[in-house]
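First the proteins, then the strands, lettered A, B, ... as listed; each starts at 1. Quick caveat: nothing in here was measured; it's all calculated off a predicted structure.
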2 protein chains.
Amino acid sequence: MRTGRPRSFDRDEALERAVTVFWQHGYDATSVSLLTGALGIGAPSLYAAFGDKKKLFFEALDRYNRTYGSFTVRALAEEPDARAAVERLLHDASVAYTRPDRPPGCLLITAATNCSPQSADVAARLREIRVQARTALQQKIAGAVRASSVPAGTDSRALAAFYAAVLQGMSAQARDGAARADLRHIADAALLAWPATA
Amino acid sequence: MRTGRPRSFDRDEALERAVTVFWQHGYDATSVSLLTGALGIGAPSLYAAFGDKKKLFFEALDRYNRTYGSFTVRALAEEPDARAAVERLLHDASVAYTRPDRPPGCLLITAATNCSPQSADVAARLREIRVQARTALQQKIAGAVRASSVPAGTDSRALAAFYAAVLQGMSAQARDGAARADLRHIADAALLAWPATA
DNA sequence: ACGATTCTATATCGATCGCTAGAGATATGT
DNA sequence: ACATATCTCTAGCGATCGATATAGAATCGT
């Protein structure tokens, strides 16, 4: 059927605003009243359109991964060389984490670092995504080791953990007020730790 | 005077437990009922002994800085050489962030990364401490540049930001389940980025 | 022993949390 | 025009938040 009074707001636009609010304050600290205020709608409209707060967060998370957070998978997928992929990953992060019109840092990293026990599943989901991204990086490096574009004996797990930590550190520094150039310097310093191809 | 019924619990022990709870869940997600449960006392006793939740947190923060978090200032103060200080800083962090009987990571870094607007002052205080630590590291490096134990032209601000980011990344990795050896590997990789003394 | 003082235990307080029932508003199908 | 369906608005649900009033328990000084 699908008749009746039409929705008075743009669902996609509301979801985009929800992304920003969750990005800024994290999952727990984002109250429903904060959301309704930012989205410009009433609570019943929010629940009718998105289910509940948790479903809205996960939908916003998906949207984030497809937009602002997609540079990570793109770097790994589009750059054949592992070194070039990591370089692009770090440089893109320095840009993505310091967009003037967006909250600083990374939603995946900051949205549920400390949360109440009843939202432990949200934290677990975000951690799952981070671990998955770190594993993808590790496999990229391991492939480069097999292809001898990276020195044999390189610990792909350790190297992936290092660059994952650098990304998380860059997000934290951005949250602490670091400028885009600061993050770029951090990225460049981290690239000096890439195993020498001597 | 100081007469009347004596306190039925050890205030220091209660404060130590409060450190652990705030370390684990962060400031916002730690409810007063969670605290009274962990401390084994009633709410009125907590308020009589510590003032309110915020004062208790700041007192727990001071205690953390004097105990678990003191390795940072010690490394900078006790190691004359800047390179050795950073090496010790990172290695000590890999141990401090993965104590089996303590929450993973660093309280200063994780306790207020995402918090509600009404506890913005808590987040600001923690950020202040982090920035101060980063500045101390920067000055240590700048002194080494002047003493020529680090190559001239080294950007002390950028290098300090890099190692600050690595520490924050190590804390995040510990929170994500990384083992002590994993953090050690991250620390070792980060040390490869130290400016060559050629 | 007894008053003075301080702590603890019970039972809340008002505010806010995530969430929703019920009534009125606005569209479509006939 | 009218029935039907969906959305929006107001108001408020039970639960939990941080914090406290009150009364009884425990200790000290005299």
Would you please confirm or rule out a distance under 4.0 Å between OP1 or OP2 of dC7(C) and any side-chain N or O of Ser8(B)?
no
Does Ser31(B) make a side-chain N or O approach to OP1 or OP2 of dC17(D) shorter than 4.0 Å?
yes
Under 4.0 Å, heavy atoms only, any strand: does Ser119(B) hit a base, just the sugar-phosphate, or nothing?
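The answer is nothing, as Ser119(B) stays clear of every strand by at least 4.0 Å.
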Just to be sure I understand the rule, does Ala48(B) reach a base, reach only the sugar-phosphate, or reach nothing, if contact means heavy atoms closer than 4.0 Å?
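Here Ala48(B) touches no strand at all.
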Atom-pair distance (NE2 on His25(A); C1' on dC17(C)), nearest Å
16 Å
Please give, in whole Å, the distance from dA15(C) C1' to Gln118(B) CD?
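It is 11 Å, rounded to the nearest whole Å.
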Of the options dT20(C), dG18(C), dC17(D), whose atoms approach the side-chain atoms of Pro44(A) most closely?
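Of the candidates, dT20(C) comes closest.
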So if I take every side-chain heavy atom of Arg7(A) and compare against dG18(D), dC7(D), dA26(D), which nucleotide ends up nearest?
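Minimum distance to the Arg7(A) side chain belongs to dC7(D).
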Check this for me, if you would: do Lys55(A) and Glu59(A) make a salt bridge, where the nitrogen-to-carboxylate-oxygen distance has to be below 4.0 angstrom?
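No, this pair does not count.
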Less than 4.0 angstrom from a charged side-chain N to a carboxylate O is my criterion; do Glu16(A) and Arg102(A) meet it?
yes
Validate the cation-pi geometry between Lys53(B) and Phe22(B): distance from NZ or CZ to the six-membered ring centre under 6.0 Å, angle to the ring axis within 45°.
no
Is Arg5(A) side chain donor-acceptor paired with the dA5(D) base, going by distance under 3.5 Å alone?
no
